[in-house]
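Report on one structure; see the data block that follows.
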Amino acid sequence: MPPFASGLLVLTAPLPALPRRAAGLVAAAAGLVAGPLYVHLQPGLRLAGPAAGAGAPPAGPALLRALAALYTAAAARRGLDLRVLLGPGRRLARQPRVLLAAAAEAPGPLEPVQLGLQRLAAALYGCPPSLPALLLGEDSAGDPEGDPEQDLDAVLPEFLDVAVGGTFDRLHGAHRLLLSACCLLARRRLLAGVADGELLRHKVLPELIEPYEVRAAKLREFLEDVKPSLCYDIVPLADPFGPSVTDPDLQCLVVSEETRRGGEAVNRKRHEKGLPELALYEIKLMKDPDHTQNEEEKISSSSLRQRLLGTLLQPPRRDPALPLRPYIIGLTGGTGSGKTSIAKLLGSLGAFVIDADKLGHAAYVPGGPAYEPVVTAFGAEILNEDGTINRKVLGAKVFGKQEQLKRLTDIVWPKIAQMVKERVREADAQGKAVCVLDAAVLLEAGWQDMVHEVWTAIIPEEEAVRRIVARDGLTEEAARRRLQSQMSNRQRVEQSQVVLCSLWEPDITRQQVQKAWDLLQQRLGPEPGP
């Protein structure tokens, strides 16, 4: 873990030099700062000189290239929260704990440079004057691209009011570049529309998208850090257009290569309403150097959400009533989610798998723990001629009848839970370190109290419908009704420590399960000695 929670990196090199140096500088700073890492660009400033230095860099193509290089370098350091500041004026959201500068930009004695860093940070960002100040070495192997000097005098157009839209889930480098361009273009106000509701439905892994309130708060914090002089209107988008087609004050819409057509649609709508067209300012997509076979080539929120699969999303339950060994994973998921296949994979990795569905069937057989109470509650008419319970007849008695269904589950679920505990004791006797309770109704039955972690398998509804139709021979309508009678993916995810998704090829699912298993072993630590 880096020693400092946050930091301010002051870079005084000419802008054209930054693209080839960004990776080395960010890597060196990331070794010291967990984040956020603020970056102050002031080309030509002599840190060891008088307090007054060169001004902020002009808002032009060279600055955008420098920003793109810095945010691309930060993307390679997963989890690094980089914020390039485009205008001082108020205290930063997270006060820096260390001041940094590139050693190559500050030759000579260290003490005058340290004092210069402390003076700058105090004057511009209200930092305490006694913050530690360090010089960074950097990897000389940088970006091989040349340093285009020809457009140093070029400046970006300016607009009073600028608009931008997006999902803005887990702000990544491409978001930050897009938003920084907006800040450079706007003189008075930035209107940021944040997709919500139905707009999220067809996103990849929508269950893992942060709530609107969280995304909006993170967006505001970033923007107000980067350029506090602007007014920020952050609004939810329930449709692709939002206020961009009704606000008469807007002058510019910032788009990416893939959203330009959406920008053109906005202008058609504005034309229909008698409003002036917006200038469309396009930002290039940023390539993701670490994308894998099922991820997008660009830096995207979809890829970041896919990387969350198999990881710990919230801390495990700490219940002193639960023994530490065996460690119990509750695996759940809706019909067609691939839960059973995931349970088999976990079994192949060494887990002791308890199939709650099989235990449920055993509970109903004559002599089983639920047999007599169920027959007493629902009558002899639920029995076959051989005395076994006819599950179809019993199902007809409770289907669509909440009181009757609860009456049944109040009998059966506690019996299955007792059977699960017996199986856990068996696993312990066999020396198994991990048990997996494979249970579709884990959360509905309240069995999460029996497990240390809940793992959920999810699949988009359309894919689940397709699988159910192919597997069970149901109509599409019947398959959809079955899914809608169950707990939703989002409800399950909210109560889960780990999420897995079997949407892609089996090998991708296997990789997720292996990652989840490996991370679990790290959490459990070494086996206790004899």
| task | Please determine if Arg482 and Asp472 form a salt bridge, counting it only when a charged side-chain N lies under 4.0 Å from a carboxylate O. | result | yes

Could you grab the distance from atom [atom1] of [X] to atom [atom2] of [Y], nearest 0.5 Å is fine?
X	Y	atom1	atom2	result
Lys401	Leu408	NZ	CG	12.5 Å
Ile354	Asp438	CD1	CG	10.0 Å
Glu221	Leu171	CD	CG	9.5 Å
Lys392	Asn390	NZ	CG	8.0 Å
Glu224	Leu219	CD	CG	9.5 Å
His452	Leu524	NE2	CG	9.0 Å

Would you call [X] and [Y] a side-chain contact if the rule is heavy atoms closer than 4.5 Å?
X	Y	value
Leu437	Leu331	no
Lys298	Lys287	no
Gln511	Asp507	yes
Thr167	Leu199	no
Pro96	Phe4	no
Lys227	Leu85	no
Tyr71	His172	no
Val98	Leu131	no

| task | Report the C-alpha separation of Ile234 and Tyr212 in whole Å, then their side-chain angles, then the decisive distance to 0.1 Å, and conclude whether the side-chain contact (heavy atoms from CB on, under 4.5 Å) test is met. | result | CA-CA 11 Å; Ile234 298 175; Tyr212 167 79; 4.1 Å; yes

Using atom types as modelled and distance alone, determine if a side-chain donor or acceptor of [X] lies under 3.5 Å from a backbone N or O of [Y].
X	Y	value
His175	Gly166	no
Thr376	Glu372	yes
Gln418	Lys415	no
Glu207	Ile458	no
Asn384	Asp386	no
Asp319	Ala321	yes
Arg91	Gly126	yes
Gln486	Thr335	yes
Gln512	Leu500	no
Ser256	Leu285	no

| query | Does the pair Leu11 and Leu9 meet the rule for a side-chain contact (heavy atoms from CB on, under 4.5 Å), with working shown? | reply | CA-CA 6 Å; Leu11 296 179; Leu9 171 61; 3.9 Å; yes

Compare every heavy atom of [Y] with every heavy atom of [X], then report the nearest pair and how far apart it is.
X	Y	value
Gln95	Ser6	O-OG, 2.6 Å
Val465	Leu483	CG2-CD1, 3.6 Å
Gly242	Leu237	CA-CD2, 3.7 Å
Cys435	Ala427	SG-CB, 3.3 Å
Thr456	Ser496	OG1-OG, 2.6 Å
Trp455	Glu453	NE1-OE1, 2.9 Å

| message | Please evaluate residues Arg466 and Glu462 with respect to the criterion salt bridge (Lys or Arg N to Asp or Glu O under 4.0 Å), reporting the C-alpha separation (whole Å), side-chain torsions for both, the decisive distance (0.1 Å), and the verdict. | response | CA-CA 6 Å; Arg466 188 191 67 77; Glu462 295 306 316; over 6 Å; no

| message | Does Glu403, at its CD atom, have more than 12 non-hydrogen atoms belonging to other residues, nucleotides or ligands within less than 6.0 Å? | response | no

| task | Using a cut-off of 6.0 Å, state whether more than 12 heavy atoms not belonging to Glu426 lie near its atom CD. | result | yes

| query | Going through the checks in order, is the salt bridge (Lys or Arg N to Asp or Glu O under 4.0 Å) test met by Asp81 and Arg176? | reply | CA-CA 10 Å; Asp81 179 1; Arg176 292 166 193 247; 2.6 Å; yes

| request: Step by step, work out the side-chain hydrogen bond (donor to acceptor under 3.5 Å, both in side chains) result for Ser303 and Gln306. | output: CA-CA 5 Å; Ser303 295; Gln306 289 177 58; 4.8 Å; no

| request: Could you please spell out the steps behind the side-chain contact (heavy atoms from CB on, under 4.5 Å) verdict for Val434 and Phe352? | output: CA-CA 6 Å; Val434 177; Phe352 185 95; over 6 Å; no

| task | Scan Arg215, Arg201, Lys203 and name whichever one has a salt bridge (Lys or Arg N to Asp or Glu O under 4.0 Å) with Asp196. | result | Arg215

| field | From CA spacing to verdict: salt bridge (Lys or Arg N to Asp or Glu O under 4.0 Å), Arg307, Asp288 | value | CA-CA 13 Å; Arg307 292 169 194 170; Asp288 186 343; 2.6 Å; yes

| task | Using the side-chain hydrogen bond (donor to acceptor under 3.5 Å, both in side chains) rule, take Arg492 and Ser337 through it: C-alpha gap first, then chi angles, then the decisive distance, then the call. | result | CA-CA 12 Å; Arg492 290 191 182 95; Ser337 65; over 6 Å; no

| task | Before giving the answer on salt bridge (Lys or Arg N to Asp or Glu O under 4.0 Å), spell out for Arg490 and Glu494 the whole-Å C-alpha distance, their side-chain angles and the decisive distance to 0.1 Å. | result | CA-CA 6 Å; Arg490 187 172 293 279; Glu494 286 171 354; 5.5 Å; no

| message | On the six-membered ring of Phe222, is Arg83 placed so that its NZ or CZ lies under 6.0 angstrom from the centre and within 45° of the ring axis? | response | no

| field | His40 ring center within less than 6.0 Å of Tyr125 ring center | value | yes

| task | Run the numbers on Thr475 and Val469 for side-chain contact (heavy atoms from CB on, under 4.5 Å), then give the verdict. | result | CA-CA 6 Å; Thr475 65; Val469 169; over 6 Å; no

